[in-house]
A.B. asks: 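Got a structure for you, written out below as structure tokens; questions coming shortly.
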2 protein chains.
Amino acid sequence: MYLSSLAELAFGSRLKALSDYFYTAADEVYRGCGAQIESRWFPVLRYLWENGPTTVSEVAMAIGQTHSAVSQLTDKLVRAGMVRRRRDAEDGRRSVLALTDKARDSLGALGPIWCSIRRGVASSLGAEGKALLAAMAACEKALQERPLAAAVMVEHAALVAAPLEIVPYEPALREHFYRLNSQWLERDFKLEDIDRAMLSDPERYVLQPGGAIFFARLGGELIGTCALLCESAGVYELSKMGVDETFRGLGAGRRLLDTAIGEFHRRQGEHLFLESNSKLKTALRMYEQAGFVLQPATRLGSHYERADVYMIYQPGAGAARGKKAVRKRQARATRTSQEV
Amino acid sequence: MYLSSLAELAFGSRLKALSDYFYTAADEVYRGCGAQIESRWFPVLRYLWENGPTTVSEVAMAIGQTHSAVSQLTDKLVRAGMVRRRRDAEDGRRSVLALTDKARDSLGALGPIWCSIRRGVASSLGAEGKALLAAMAACEKALQERPLAAAVMVEHAALVAAPLEIVPYEPALREHFYRLNSQWLERDFKLEDIDRAMLSDPERYVLQPGGAIFFARLGGELIGTCALLCESAGVYELSKMGVDETFRGLGAGRRLLDTAIGEFHRRQGEHLFLESNSKLKTALRMYEQAGFVLQPATRLGSHYERADVYMIYQPGAGAARGKKAVRKRQARATRTSQEV
DNA sequence: CATAATTGCGTTAGCACTAACGTAATTGCT
DNA sequence: AGCAATTACGTTAGTGCTAACGCAATTATG
């Protein structure tokens, strides 16, 4: 699903979808069993069932909704003959809600259905259901203790205050080269042997043959990296570009890319190419914007299994060229190139 | 929170609440950062941002909503100047949505905010956020493969078809006595030494002193148990009553209780009491309905740490007595007793 | 090629909920 | 006691979504 790829950014939408799924599933079950009840009624009725007559606000507080919602729902329940509304004798403002005998009968008969729901959830979701419940409870607690909006604002303030710099490789940063690249490699692909070698000993495999490595540093943190490999005299490959997942969208990738291209020019390189994978759409779009042009076929004798995209740096060409070749190979990528 | 106590039964409501929390938190952040965007717009805009111009239904499919929702949202986005609507030249039915330049600018500037959101979620929810994402993904997958409503109906059919019987103890069932009791004991309390002893060797601690044990069997499964302890000549204690959490609501508890009381009468017992805890509201209500009366103080020299409720069986008394004593000790329990 | 079925979209009515307001009752303060 | 503040609730307007319908365009079928 597309939404899952957005991860933390689409929490709300996905949770809503899940919520609706459960509501409609419950209604389907109630209908199927001939129960005269709707899923939305459940929290209120069950609370009254367990706790006896209570006021509107107490119910609202307990089930985490506004008093208005409970008040309106009560109208419906009264109309359905499930709930009785009474003024409280002690406090005239209060409206005391109590189940009718009909409701008590209905709810009593609902025992097996609730039981089936619990068991159905277990059989349908298995351990994942338990995990979801546990995670929800943990998140509800965490959000009460550390409100999300405030936490985000703190991060935002820190982000915009911190300077974003590009710094060259130095031995003390070797582990970051590994960390930043293994993150995305292990997420979408797998670490190939050639990766492991290069990431573990960049001095030998990148610098010594005449290449360069850059890091993006935000404040004190290293959030991205990029390597310019020297394949042969004047021929360079852009590779090992990785930005920490939680720091994407800051422009670090583009800054690294521009720096690497700058270095390629500074060394008076003649040919610059890269290999990538069609999954990495945002990266591909960035390469195009920077002047790389998608080639009709993958590179002959590629070092990587995951490589299904081959691009060559043609600064003068712009993004207009290569359309036909692209269209043949990848409808989706074409659309992107037209758009950008 | 009350809803969490309902576990699987209130999935929908809790997920909705969480969903709304994330939506409003996101809106708060966007407002706080001065971004001209609303949280509900995000899935559509982001999809167009990543995939270029697409049709209404494609967007709807991708973000898991109806075409109507996307169509109406598009109205708003067009009014806000973020999206352009165009008829498709190739297929006149289709309405192609594309981001305006303004939207592209806005979204481009949103990078740091999205980044902050990801980091804020991490700092606010920590590992729980990851756990929630993982659980959601797993549940979405599981629900596609095994629809919930169908699974529940299957369980329901099996439940109503299976006969519920009460059977006396026999050595082969010893482990079930332990299993069924340790489940609720470990959930709300903790296993005390006296529990462990009695549950491990019921023949010595229950049967030999003159007590009895019963099991509730549903179809082939043992789903509940209950013990009648003989304290001294004619004095019995009802104890170790437990029904599997996933099988509650079927009336097994009541059947077990009635059987135990029947056995108490059959043995011409003179005094029957029980000790329990005020947390166990549904159990307490059942005891009252069966003829137990709440006592004003806990029992002198109780064996259990968790015992804060003491009830004596007075079959003639009904549920009307003991109100005053109750009211003094426990406002909540009082309400229940008035109600039932 | 005519007709039926399907597809894609917009519109409307309706639902569940919230925010905001108004009203009545109660509590707090001097 | 008198007045303000608070509390409890109902009502209204509005939001975000779905279901259901209708229309137009496209595709399938005899």
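Computed from a predicted structure; not experimentally measured. Order of the sequence lines sets the chain letters (A, B, ...), proteins ahead of strands, with each chain counted from 1. Excluded from the calculations below are hydrogen atoms, water molecules and symmetry mates; all remaining heavy atoms, backbone and side chain alike, are included.
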A.B. asks: Considering residues, nucleotides and ligands other than B:R85, do more than 12 of their heavy atoms fall under 6.0 Å from its CZ?
C.D. replies: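 Count over threshold, so yes.
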A.B. asks: With a 4.5 Å cut-off on side-chain heavy atoms, are B:T100 and B:V83 touching?
C.D. replies: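 No, too far: nothing below the 4.5 Å cut-off.
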A.B. asks: In terms of heavy-atom contacts, does CZ of A:R87 have more than 12 from other residues, nucleotides or ligands at under 6.0 Å?
C.D. replies: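 Yes, CZ of A:R87 has more than 12 neighbouring heavy atoms, counting only those of other groups under 6.0 Å.
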A.B. asks: For DNA chain C, determine which residues of residues 67-79 of chain B have any heavy atom closer than 4.0 angstrom to one of its atoms, and list them numerically.
C.D. replies: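 The answer is B:H67, B:S68, B:S71, B:Q72.
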A.B. asks: With a cut-off of less than 4.0 Å, is there a side-chain N or O of B:S95 near OP1 or OP2 of C:dG8?
C.D. replies: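 B:S95 to C:dG8 OP1/OP2: no side-chain N or O under 4.0 Å.
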A.B. asks: Is any side-chain heavy atom of B:F42 closer than 4.5 Å to a side-chain heavy atom of B:Y30?
C.D. replies: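 With C-beta onward as the side chain, the pair touches.
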A.B. asks: Return the 5'-most residue of the pair A:D20, A:V56 with respect to DNA chain D, ranking by each residue's nearest nucleotide.
C.D. replies: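 This one resolves to A:V56.
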A.B. asks: Heavy-atom contacts under 4.0 Å between residues 35-43 of chain A and DNA chain C, which residues?
C.D. replies: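 Heavy-atom cutoff 4.0 Å gives A:E38, A:R40.
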A.B. asks: Please check if atom CE in A:M153 has more than 12 non-hydrogen atoms from other residues, nucleotides or ligands closer than 6.0 Å.
C.D. replies: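 More than 12 within 6.0 Å, yes.
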A.B. asks: OP1 or OP2 of C:dG10 sitting under 4.0 Å from any side-chain N/O of B:R85?
C.D. replies: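 Yes, because at least one side-chain N or O of B:R85 sits under 4.0 Å from OP1 or OP2 of C:dG10.
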A.B. asks: Just how far, in rounded Å, is P of C:dT27 from CZ of A:R94?
C.D. replies: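 In whole Å, C:dT27 P lies 8 Å from A:R94 CZ.
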A.B. asks: A side-chain contact here means heavy atoms from C-beta on lying under 4.5 Å apart; do A:K102 and A:M82 qualify?
C.D. replies: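 With C-beta onward as the side chain, the pair touches.
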A.B. asks: Does a sphere of radius 6.0 Å around CD in A:E90 hold more than 12 heavy atoms from other residues, nucleotides or ligands, not counting ones at 6.0 Å or beyond?
C.D. replies: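 No - once you tally the heavy atoms of other residues, nucleotides and ligands closer than 6.0 Å, there are 12 at most.
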A.B. asks: Quick one: on DNA chain D, does B:T66 or A:V96 contact a more 5' nucleotide (nearest heavy atom)?
C.D. replies: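 Taking each residue's closest nucleotide, the earlier one in sequence belongs to A:V96.
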A.B. asks: Return the value, rounded to whole Å, for the distance between atom CD of B:Q65 and atom P of D:dA19.
C.D. replies: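 Taking atom P of D:dA19 as the reference, CD of B:Q65 is at 12 Å.
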A.B. asks: Are more than 12 heavy atoms from other residues, nucleotides or ligands located less than 6.0 Å from atom CD of B:E140?
C.D. replies: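 Correct, the count exceeds 12.
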